[in-house]
J.: 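Got a structure here, written out as structure tokens. Questions coming.
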Amino acid sequence: MKSRRIEMLYLIKQEMFKNYHKKSTFVSMIIQVLFMLSMAVLSLKYSNVFNGKSLFMENYNATLWIVFALIFLASNIFLNEYKYGTIKLLISKEFSRTQIYFSKVIFVFIQSIILYLLAIVMTFIINFIFTRVAITSADMKTFFINIICEFFSTWLIVSLCFLLASIFRSSGLSITISIILYFSASIAANLMFMLIASNKLLRFNPINMLNITNQAGSSTYGHLTLLPMYAYFIWIPIYVIIFMLIGNYIFVQRNK
């Protein structure tokens, strides 16, 4: 058991070493900051279109970039192993395929926390220096609730992305499907809500779970999703675990 733990830690450290020695990892974080700054500038220049407080509450739309960044990371993290032949090296060192799979999952999880922490810190810095929106304690509570909800919905997409990456061995296809599913909650909302109204069991479908942030911001969504808020925090982790386990199973079987 101890040796397995040491092996897992070694693989995680290797993932961190490989990815934090890539310029793209830090370029992605710089783009995130620039994206947030651009939203702040737009709120100052076009205040009638971009509301400063709303942008603050939505961390200057940082989540949009974080989702894209993590989708690309999760989709390419396996592909690169095959591309450079390093998967054979890892397997030859007698690391289990499950260890390889979950070391990558843990790394992406660590990176997601870093990106969200960066978003939180930059939100307050940008507001203090540029937008200077008055924030109440109630606003602060809503802000952090939104962050938590966004983190949950992000990981629902990322877990599915890992599953798709295990199936297709094509980052392009995995990225495309993941992005489509991410936006499907808002694009297909009316159709989905009608289906849910006719069959209440459909309220537990994973696409409906992507409404967690919308419902946190507006309780009226509860009448459409037919879900109480606590249900999201139960069902999203369940789906994440299911998608991860299926992805791991496919990864193990396809590499025997």
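Count residues from 1 along the sequence.
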J.: Any chance you could measure Leu73, atom CG, to Asn19, atom CG, to the nearest 0.5 Å?
T.: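 Going from CG on Leu73 over to CG on Asn19, the span is 6.0 Å.
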
J.: Indicate yes or no: at least one non-hydrogen side-chain atom of Leu160 is less than 4.5 angstrom from one of Leu156.
T.: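 Answer no - side chains too far apart.
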
J.: So that I know where these two stand, are Phe243 and Phe162 an aromatic pair - ring centroids less than 6.0 Å apart?
T.: no

J.: Is there side-chain contact between Met29 and Gln111, with at least one heavy-atom pair below 4.5 Å?
T.: yes

J.: Does a side-chain heavy-atom distance below 4.5 Å link Cys149 with Tyr232?
T.: no

J.: How long is the straight-line distance from CD1 of Ile66 back to CG of Leu118, given to the nearest 0.5 Å?
T.: 7.5 Å

J.: Can you name the closest pair of heavy atoms from Leu115 and Ala69 and give their distance?
T.: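 That closest heavy-atom pairing would be CD1-CB, 4.3 Å.
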
J.: Decide whether Gln215 and Thr225 meet the rule of one side-chain donor and one side-chain acceptor closer than 3.5 Å.
T.: yes

J.: Please lay out, stage by stage, how Phe143 and Phe56 fare under the test ring-ring contact (aromatic ring centres under 6.0 Å, His included).
T.: CA-CA 8 Å; Phe143 172 79; Phe56 174 89; 5.2 Å; yes

J.: Is there a side-chain contact between Ser219 and Met229, using heavy atoms and a 4.5 Å cut-off?
T.: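 Of all side-chain heavy-atom pairs linking Met229 with Ser219, none is under 4.5 Å.
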
J.: Heavy atoms only: give me the nearest Arg203-Met209 pair and the separation to one decimal.
T.: O-CE, 3.9 Å

J.: Evaluate side chain to side chain contact (heavy atoms under 4.5 Å, CB included) for Phe35 paired with Asn61, printing each intermediate quantity in order.
T.: CA-CA 8 Å; Phe35 181 76; Asn61 288 336; 3.7 Å; yes

J.: So which atom in Val133 and which in Gly52 form the shortest heavy-atom distance, rounded to 0.1 Å?
T.: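 Shortest heavy-atom separation between Val133 and Gly52 comes out as CG2-C, 3.7 Å.
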
J.: Are Ile6 and Leu9 grouped together when hydrophobic residues (ILVMFWY) are joined by side-chain heavy atoms under 4.5 angstrom apart?
T.: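 Per the 4.5 Å side-chain linkage, Ile6 and Leu9 are not co-clustered.
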
J.: Are Ile241 and Ile250 connected in a single hydrophobic cluster, I mean Ile/Leu/Val/Met/Phe/Trp/Tyr linked by side-chain heavy atoms less than 4.5 Å apart?
T.: yes

J.: How far apart are the closest heavy atoms of Thr123 and Tyr60, and which atoms are they?
T.: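 Residues Thr123 and Tyr60, closest heavy atoms: O-CE1, 3.6 Å.
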
J.: Could you check whether Ser96 and Thr98, counting side-chain N and O atoms only, form a donor-acceptor pair closer than 3.5 Å?
T.: no

J.: With the 4.5 Å side-chain cut-off for hydrophobic clustering, are Val27 and Val67 part of the same group?
T.: yes

J.: Can you measure from CE (Met192) to CD1 (Ile207) and round to the nearest 0.5 angstrom?
T.: 6.5 Å

J.: Taking the six-membered ring for Trp and the single ring otherwise, decide whether the centroids of Phe95 and Tyr10 are under 6.0 Å apart.
T.: yes

J.: Would you say the side chain of Ile106 lies within less than 4.5 Å of the side chain of Met8, judging by non-hydrogen atoms?
T.: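 They are in contact (side-chain heavy atoms under 4.5 Å apart), so the answer is yes.
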
J.: Can you find a heavy atom in the side chain of Ser166 that is under 4.5 Å from one in the side chain of Tyr101?
T.: yes

J.: Can you tell me which residue among Ile126, Ile120, Val121, Asn127 is in a side chain to side chain contact (heavy atoms under 4.5 Å, CB included) with Phe124?
T.: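 With Phe124 as partner, Ile126, Ile120, Val121, Asn127 yield a single side chain to side chain contact (heavy atoms under 4.5 Å, CB included), made by Ile120.
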
J.: Please check if any side-chain donor atom of Thr136 sits under 3.5 Å from a side-chain acceptor atom of Asp139, or the reverse.
T.: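 Side-chain D/A pair, Thr136 to Asp139: present.
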
J.: For residues Leu227 and Phe204, determine if any side-chain heavy atom of one lies less than 4.5 Å from a side-chain heavy atom of the other.
T.: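 The answer is yes, as the side chains (C-beta and beyond) meet within the 4.5 Å cut-off.
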
J.: Are Ile148 and Tyr230 linked, directly or through other ILVMFWY residues, by side chains that come within less than 4.5 angstrom of each other?
T.: yes

J.: By the definition ring pair (Phe, Tyr, Trp, His ring centres under 6.0 Å), identify the one residue from Phe144, Phe151, Trp65, Phe109 that meets it with Tyr116.
T.: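 Exactly one candidate clears the test, Phe151.
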
J.: Say you draw a straight line from CG of Leu44 to CG of Leu42; how long is it, rounded to the nearest 0.5 Å?
T.: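 It comes to 9.0 Å.
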
J.: Does any donor atom in the side chain of Asn211 or Asn208 lie under 3.5 Å from an acceptor atom in the other side chain?
T.: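 Per modelled atom types, Asn211 and Asn208 side chains form a pair under 3.5 Å.
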
J.: Can you name the closest pair of heavy atoms from Ala62 and Gln32 and give their distance?
T.: CB-NE2, 4.4 Å

J.: Do Glu150 and Thr213 get their side chains close enough for a donor-acceptor pair, meaning under 3.5 Å?
T.: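 Their side chains do not contain a donor-acceptor pair, so the 3.5 Å distance test is not met.
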
J.: Could you state whether Val41 and Ile30 fall into the same hydrophobic cluster, counting links through intermediate Ile, Leu, Val, Met, Phe, Trp or Tyr residues with side-chain heavy atoms under 4.5 angstrom apart?
T.: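 The answer is no; the residues belong to distinct hydrophobic clusters.
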
J.: Do the two ring centres, one from Tyr20 and one from Phe107, sit under 6.0 Å apart?
T.: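 Aromatic pair counts; centres sit under 6.0 Å.
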
J.: Give the minimum heavy-atom separation between Ala216 and Asn146, together with the two atoms involved.
T.: CB-OD1, 4.4 Å

J.: Apply side chain to side chain contact (heavy atoms under 4.5 Å, CB included) to the pair Leu226 and Phe193, showing each step before the final yes or no.
T.: CA-CA 9 Å; Leu226 301 183; Phe193 292 147; over 6 Å; no

J.: Distance check, rounded to the nearest 0.5 Å: Ser218 atom OG versus His223 atom NE2?
T.: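 Rounded to the nearest 0.5 Å, the OG-NE2 separation comes to 9.0 Å.
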
J.: Walk me through whether Phe251 and Ile100 qualify under side chain to side chain contact (heavy atoms under 4.5 Å, CB included).
T.: CA-CA 10 Å; Phe251 179 75; Ile100 295 169; 4.1 Å; yes

J.: With heavy-atom distances below 4.5 Å as the criterion, would you say the side chains of Asn199 and Leu195 are in contact?
T.: no

J.: Roughly how far, to the nearest 0.5 Å, is OG of Ser28 from CG of Leu70?
T.: 8.0 Å

J.: Say whether, by atom type as modelled, one donor and one acceptor occur between the side chain of Thr63 and the main chain of Asn59 under 3.5 angstrom.
T.: no

J.: Is it the case that more than 12 heavy atoms not belonging to Tyr239 sit under 6.0 Å from its OH atom?
T.: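 More than 12 within 6.0 Å, yes.
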
